[in-house]
Amino acid sequence: LKAKANEKKERDENDGDGNGGDNSIGADLKELFSKSDLSTGITLDSTTVLGDDITVIAQTSLDITAEGRSEDVAIDGVRVEGNATAQISIQGNSRLESTGNVNINATSKLDAKALAEAKSNENTALDAAIALTKIDNTAIAHISGSTQISTTGKLNLAATTQTTVETDAD
């Protein structure tokens, strides 16, 4: 049994609240924001797991970025939200038995970026860019009610998702 969650979050500026960064509004607007939710779980309810080669894995990896890569900003914007979940349940009267193989595997991976760039030099009246990304990534392997799994070789139940999003506004 294994549960694992990873998180990498980046943005250029941070307001320290852990949810997002720098929302300044004015003549030169620059909004940076990055938010993430990350979750992993394993629930075996009325559990009996006996032996040899039983593997239950729920694994989540979230990598989220907001950049706002302007140096001379005239209205920029970036927003990334996120959310990732991997979950395995196997409930009520569970019993996995085996003596060789059973893999139950829920994997979730999410990459997101939002990268906005607006440049205004002295001769330009206005330049604008906005990039928004709101994503959700879920993987669930759920077996329920009077669960019994018994094998003497190979049962693989998997729920896999991998999402990569890059939103760019120039």
Side-chain angles (χ1 to χ4, degrees), residues 1-24 29-47 49 53-70 75-92 94 96 98 101-118 128-147 149 151 154-170:
L1 304 176
K2 178 181 177 182
K4 184 178 180 182
N6 295 322
E7 180 179 16
K8 181 181 176 186
K9 185 185 347 185
E10 296 179 13
R11 58 185 176 273
D12 282 343
E13 298 177 32
N14 186 357
D15 63 2
D17 67 358
N19 291 324
D22 195 12
N23 295 315
S24 13
L29 171 77
K30 184 174 185 177
E31 179 185 359
L32 296 171
F33 185 85
S34 177
K35 182 182 178 184
S36 66
D37 296 317
L38 183 67
S39 178
T40 292
I42 295 176
T43 306
L44 303 163
D45 193 348
S46 306
T47 313
V49 177
D53 279 2
I54 295 175
T55 305
V56 178
I57 296 173
Q59 194 167 20
T60 301
S61 175
L62 174 73
D63 189 348
I64 194 167
T65 306
E67 269 190 26
R69 35 190 186 144
S70 310
I75 306 182
D76 188 16
V78 166
R79 186 174 204 84
V80 176
E81 296 240 350
N83 198 7
T85 305
Q87 176 186 344
I88 296 174
S89 194
I90 308 173
Q91 297 254 280
S94 314
L96 289 88
S98 202
N101 305 326
V102 165
N103 298 308
I104 297 170
N105 186 2
T107 301
S108 173
K109 187 178 187 329
L110 182 141
D111 298 312
K113 290 183 179 172
L115 325 173
E117 179 177 340
I130 187 171
L132 303 171
T133 301
K134 183 177 180 177
I135 42 270
D136 188 347
N137 183 6
T138 304
I140 297 173
H142 178 88
I143 302 163
S144 200
S146 299
T147 310
I149 297 174
T151 181
K154 289 191 185 179
L155 166 69
N156 187 20
L157 176 68
T160 301
T161 197
Q162 183 170 353
T163 305
T164 302
V165 176
E166 180 165 334
T167 305
D168 190 352
D170 197 297

Participant: Under 3.5 Å, side-chain donor or acceptor atoms of residues 129-140 against the rest of the protein: list the pairs with distances, not counting sequence neighbours.
Facilitator:
residue	atom	partner	partner atom	Å
Thr133	OG1	Thr167	OG1	2.4
Asp136	OD1	Thr138	OG1	3.3
Asn137	OD1	Thr161	OG1	3.3
Asn137	ND2	Ser108	OG	3.3
Asn137	ND2	Lys109	O	2.2

Participant: For Thr107, enumerate each residue passing the side-chain hydrogen bond (donor to acceptor under 3.5 Å, both in side chains) test, keeping only those at least two apart in sequence or located in another chain.
Facilitator: Asn105
Participant: Give the minimum heavy-atom separation between Thr60 and Ala84, together with the two atoms involved.
Facilitator: CG2-CB, 3.6 Å
Participant: Between Gly92 and Asp45, what is the shortest heavy-atom contact and its length?
Facilitator: N-CB, 3.8 Å
Participant: Within this structure, what is the CD1-CD1 distance for the pair Ile88 and Ile57, rounded to the nearest 0.5 Å?
Facilitator: 7.5 Å
Participant: Within a strict 4.5 Å, meaning less than it, do heavy atoms of the Ile104 and Ile90 side chains meet?
Facilitator: yes
Participant: Please name the pair of heavy atoms, one in Asn83 and one in Leu62, separated by the smallest distance, quoted to 0.1 Å.
Facilitator: N-CD1, 4.4 Å
Participant: Could you list the residues that satisfy side chain to side chain contact (heavy atoms under 4.5 Å, CB included) with Asn103, not counting sequence neighbours?
Facilitator: Thr55, Asn156
Participant: To check you understand the geometry: which heavy-atom pair defines the closest contact between Leu44 and Ser94, and what is its length?
Facilitator: C-OG, 4.4 Å
Participant: Rounded to the nearest 0.5 Å, what's the gap from CG on Leu157 to NE2 on His142? Could you check?
Facilitator: 11.0 Å
Participant: Below 4.5 Å, heavy atoms only, C-beta onward: do Ile149 and Ile143 meet side chain to side chain?
Facilitator: yes
Participant: To check you understand the geometry: which heavy-atom pair defines the closest contact between Gln59 and Ala86, and what is its length?
Facilitator: O-CB, 3.4 Å
Participant: Which heavy atom of Ala106 sits nearest a heavy atom of Gln87, and at what distance?
Facilitator: CB-O, 3.5 Å
Participant: Return the OG to NZ distance between Ser98 and Lys154, rounded to the nearest 0.5 Å.
Facilitator: 13.0 Å
Participant: For Ile54, run the side-chain contact (heavy atoms from CB on, under 4.5 Å) check against Thr151, Leu155, Val49 and tell me which one passes.
Facilitator: Val49
